[in-house]
Amino acid sequence: LHCDNQWCWAPAYHLVLEGILILWIIRLLFSKTYKLQERSDLTEKEKEDLIEEWQPEPLVPLMSKDHPSLNYDIVTGPPSHKIIVNGKECINFASFNFLGFLDNERVKQKALTSLRRYGVGTCGPRGFYGTFDVHLELEDRLAKFMKTEEAIIYSYGFATIASAIPAYSKRGDIVFVDEAACFSIQKGLQASRSFIKYFKHNDMEDLERLLKEQEIEDQRNPRKARVTRRFIVVEGLYINTADVCPLPDLVKLKYKYKVRIFLEESMSFGVLGEHGRGVTEHFGVNVSSTGTVSLCFPGLMCCVSQRLSGQGYCFSASLPPMLAAAAIEALNIMEEDPEIFTILREKCKHVHKALQEIPGVKVVGEAYAPALHLQLERSSGSRDTDVRMLRSIVDYCLERQIALTLARYLDKEERFLPPPSIRVVVTIEQTEEDIEKAASCIREAALAILK
Amino acid sequence: MPPSMTKSSANKQINGDVCHRTSNGKTSSRRNGFVKNHCLFQQPQQKSRRPSENDHVVRNASLYNKAFVEQFEETPLLVAVLTYVGYGILTIFGYLRDFLRHWGMEKCHVAREREEQKDFVPLYQDFENFYTRNLYMRIRDNWNRPICSVPGAKMDLLERASKDYNWTFQHTGKVVKDVINMGSYNYLGFAENTGRCADAATESTHEYGVGVGSTRYEMGNLDLHEDLEQLVARFLGVESSMAFGMGFATNSMNIPALAGKGCLILSDELNHASLVLGARLSGSIIRVFKHNNMVSLEKLLRDAIVHGQPRTRRPWKKILILVEGIYSMEGSIVRLPEVIALKERYKAFLYLDEAHSIGALGPRGGGVVDYFGLDPKDVDIMMGTFTKSFGAAGGYIGGKRELIDYLRSHSHSAIYATSMSPPVSQQIITSMKIIMGEDGTTLGGVRLRQLSENTTYFRRKLREMGFIIYGNDDSPVVPMMLYMPAKIGAFGREMLKRNIGTVVVGFPATPIIESRARFCVSAAHTRDILDTALEAISEVGDVLQLKYSRHQRRPHLPSSLGSWSSEESLLQEPNHVKPSVM
């Protein structure tokens, strides 16, 4: 009551004012003083609409029905000296059968013996009971043959360099690579996530310029430089350009700038050098001074007849033993008879000479390279037309029993797409008549088609 | 509890439906159903809570036509602690010995840089070396054991000896005969040097030689390859297929042709290295979902579609889900019906890698699709390898005609890699025809049944003995937990002493505390062989105290064989099934 009285005594205007103030405070408390930005959270309904709305692209774009890849040439029978392409017997100028081991009776016999002993598959990766005695023997033999400390075989040629590069070169490392490097090198580099610097094909000055730039960079940040591995990746004999890397110069640069060399010898192994030891023997360079890696020279070899091939190693099933056995036998033949390399070189020179001066077509490659490229002298300006013209030459020759093939590339994925070309592969089985016939056939075709 | 363990046990929790993980570790239980919000598989409401014994939740049971039993028993706490102690001791000794090596008191066997390259940046980082030098080297003799016979049910091993503690090996010239092979992926027993397959391969060697020496697109497309591809398409029940020379490369070289910039790849965390490499090479954005966890996958899918690409906020061009049929380190089987439901709901594409499951699962050997009785057309890209069940080498991709036509012109492998060797192709053709029964015999069916029976028997026995066995009851890959680093080596060696070859794996192939032994059951194993192996495993298990399981074997579990024909699947009455069965 007392209280009540006191309230009554307060002046009315005071009460009204206080009342308004209290209301004001309440309003302040419960209202937002500023406008919140519209919340970005979507409601379930909106999300649902978005999901309904979303239309993915088709898994693969539709292919035109007449795309050449839909009709591969079909080969029946062995792809050796004589090859049956689309039902027609031809002389083979297309398979990488340089030393003629594909249909070699000795190689076959060894493979069969192995098949009868081990079966076909290995049913496991190397780590888990997929290492066969033949694998060890082959690695041993390869190491001896190449005069390296050790060798390692992969089960697939393409995967070898593609997995050997990321095995050594990691994120943050620097790789200097030739522009003409083949696709599997490009994939290996991509998998390694290293910094990649391209130098112009076989241009040592350009490479040295990049190395110098790197040296200056290193001086600025010596701490980082101490842990950054550096590699040069080159091919012995380039598959895309059919020429050889200037190895002695590379070795000089290697020591000057302390860079390791990765040498991919798919094409040059069993071809170059007096004993077929590849580009190191060709230049008389000591292998250990090029060998990228001092403890384990990755088996970068796609042997002529088999795929001996380097993450691929740990995680994939090992090479079927019969293929390993075949490779050992092929090595045996190579060691017994180094003459074959001289014969091969003679044949290459012969083919190279025979293909000169064909109107409209130029030969790309060294005289001793067994896989040459025939390019158009003058491009029509459109890649498609060029490819079509070259394909007509190939078809013309196929008609006349000369099996040739276009060099195929993934146009959109190659870093530096080589110009379209016909691949001419030389093997020791081709006779002089074969070569003459092929050359005249190509000449005729060029005259008829390129006019 | 150390953090990594919490993580891994949490991961596992989700993939094991059987709620055996009750005692320790943060466990969470999630209910699924088609209720409430729009997700197919409901998102978790609670992050974690302790499930009660009765909490055997059946998820999306309606999608499965047979029991789906998969178990991942919790690591016992004491074992986990002791395992870490084990690694601790190894590490301390490792540093001690590195110290001795540094001061020249102990001989160092590590490959050295040549004199003229001394000042090059070292090729390997020190830590990688530390692991190899001090942990792997101690037990290196358990890997790369060279064999010199067919990798069949029994094999011959070359005896190795090391005079410098596993740094180098010498062959003693002796051969350890008739070692029981529990390591090779010879699921259907086609690793043979006699019989139809070997004969056919011999013949094709005579006819075609051993190599091809060109790519498919250039001059390496044999008629044999065309035959093989038609057969594979028929076997899989798809329109068309393409075969490749190496299984690993089938993944790593074809995924980049299917996805690219602006695409999203959703990949299971335990996917094989080849899938990971392929995804990385493709240039797409990769997100990883928890192993076999559909809730995690659905969340990623929803978020991806709703939010679009990071930064640019454009919608994704397409979404590709990468899963495997059987996971070779866990022994688990993909929850394919749920994955397919998700992919259809969210318009994603599904890439199924059946490296281990093709031939090894399903009443007709058709892999996981066959196992679950699904339509192969629901899987966009069927991939698999010929290395395992077919006793050959290489891999394939199957699917719609448009897909294969596209691959023929865009696959890295078709354009740049040598095509498959003829005898290898022939081995696949012959073995596949046998599996399909096209050879006019029932031998294929016998093998399939044998494998399935062997798997059930072997898994049941091991579990009864009290080992912790991971994975699905129907998976021929049987991982058995060893946990402690010292037991990895001890188990491998003790088994070899008893003439049994097993595979043991530790870090980095598995989480650090989950070292394990892995057995691969084969149709070539006879009951006798399995019994001999089981006896030896039990004996070694007692010596090494490997029988960790704290669960009494539940008396009744649905037999995997019986339920094929049984329409009355246990699924209809989930409440009766313990442990929870999908």
Side-chain angles (χ1 to χ4, degrees), chain A residues 44 47-48 50-51 54 56-57 59-60 63 67 69-70 72 74-76 78-79 94-97 102-103 108 111-112 115-116 118-121 123-124 126-129 131-133 136 155-159 183 190-191 229 258 294-295 305-307 311-312 315-317 320 326 405 408 410, chain B residues 37-38 111 113-114 120-121 143-144 146-148 150-151 158 183-186 191-193 201-202 205 208-214 217-219 221-223 245-246 248-249 273 277 281 305-306 315 317-318 347 349 380 387 391-393 402-403 405-406 408-409 415-418 424 427 503:
Chain A
E44 280 305 315
K47 282 187 185 171
E48 215 41 46
L50 279 171
I51 290 168
W54 182 64
E57 284 179 6
L59 181 59
V60 291
M63 300 273 298
H67 195 282
S69 66
L70 299 186
Y72 289 159
I74 297 178
V75 175
T76 25
S95 310
F96 294 120
N97 183 21
L102 274 187
D103 206 30
K108 266 190 191 175
L112 284 175
L115 170 68
R116 282 297 167 197
Y118 305 100
V120 176
C123 287
R126 288 291 294 268
F128 308 147
Y129 304 102
T131 302
F132 285 63
D133 46 0
L136 298 175
S155 57
Y156 205 38
F158 185 92
F183 194 69
Q190 202 186 336
R229 283 163 283 218
K258 303 194 172 58
S294 46
L295 68 155
S305 56
Q306 288 79 31
R307 309 165 257 128
Q311 202 171 15
F315 297 105
S316 97
T405 181
R408 299 290 187 175
L410 281 174
Chain B
N37 65 28
H38 305 276
E113 228 33 281
R114 283 178 304 111
F120 279 43
V121 178
W143 289 277
N144 295 315
I147 84 174
C148 53
V150 180
L158 287 180
S184 293
Y185 308 130
N186 177 25
E192 294 168 321
N193 55 3
T202 308
T205 312
Y208 292 92
V210 255
V212 178
S214 187
Y217 204 170
E218 292 182 358
M219 199 50 87
N221 180 44
L222 298 183
D223 47 354
M246 181 191 192
F248 185 95
L277 179 65
L281 288 178
I305 299 173
V306 170
K317 285 187 181 155
K318 53 195 167 193
K347 298 174 220 143
F349 298 106
D380 300 280
T387 319
E402 298 94 75
L403 168 77
D405 284 351
Y406 181 78
R408 278 170 176 262
S409 58
I415 294 170
Y416 295 104
T418 329
V424 175
Q427 163 87 13
V503 167

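What you see is a predicted model; the values in this text were computed from it and never measured. Letters go in sequence order (proteins before strands), and every chain restarts at 1.
- Looking only at distances, a side-chain donor or acceptor of B:K347 sits under 3.5 Å from a matching main-chain atom of A:I51.
- The aromatic rings of A:F183 and B:Y416 lie parallel to each other, their planes meeting at an angle below 30°, with 60° marking the opposite boundary.
- Taking chain B as the reference chain and counting heavy-atom pairs below 4.5 Å, the highest number among A:F132, A:F128, A:Y118, A:W54 is found for A:W54.
- Taking the side chain as every heavy atom from C-beta outward, B:E402 and A:L59 never approach each other to under 4.5 Å.
- Rounding to the nearest 0.5 Å places CZ of A:R408 at 8.5 Å from CD1 of B:I415.
- In terms of heavy-atom pairs under 4.5 Å with chain B, the best-connected choice from A:L136, A:D133, A:D103, A:L50 is A:D133.
- With a 4.5 Å cut-off on non-hydrogen atoms, B:L158 touches chain A through its side chain but not through its backbone.
- When the candidates A:C123, A:A191, A:P320 are compared by the number of heavy-atom contacts under 4.5 Å with chain B, A:C123 comes out ahead.
- The heavy-atom pair separating A:P79 from B:G211 by the smallest distance is CG-O, 3.9 Å.
- By the salt bridge (Lys or Arg N to Asp or Glu O under 4.0 Å) test, B:D380 is found to be paired with B:K343, residues two or more places apart in sequence or in another chain being considered.
- The parts of B:A201 that come within reach of chain A are both its backbone and its side chain, each placing non-hydrogen atoms under 4.5 angstrom from that chain.
- Side-chain atoms of A:E57 do not come within 3.5 Å of backbone N or O of B:K317 as any donor-acceptor pair.
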For B:N144 and A:R126, what are the C-alpha separation, side-chain angles and deciding distance, and is it a side chain to side chain contact (heavy atoms under 4.5 Å, CB included)? CA-CA 6 Å; B:N144 295 315; A:R126 288 291 294 268; 3.9 Å; yes
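- To the nearest 0.5 Å, atoms OH (B:Y217) and OG1 (A:T405) are separated by 9.5 Å.
- Side-chain contact check for B:N221 versus A:V75: every heavy-atom pair is 4.5 Å or farther apart.
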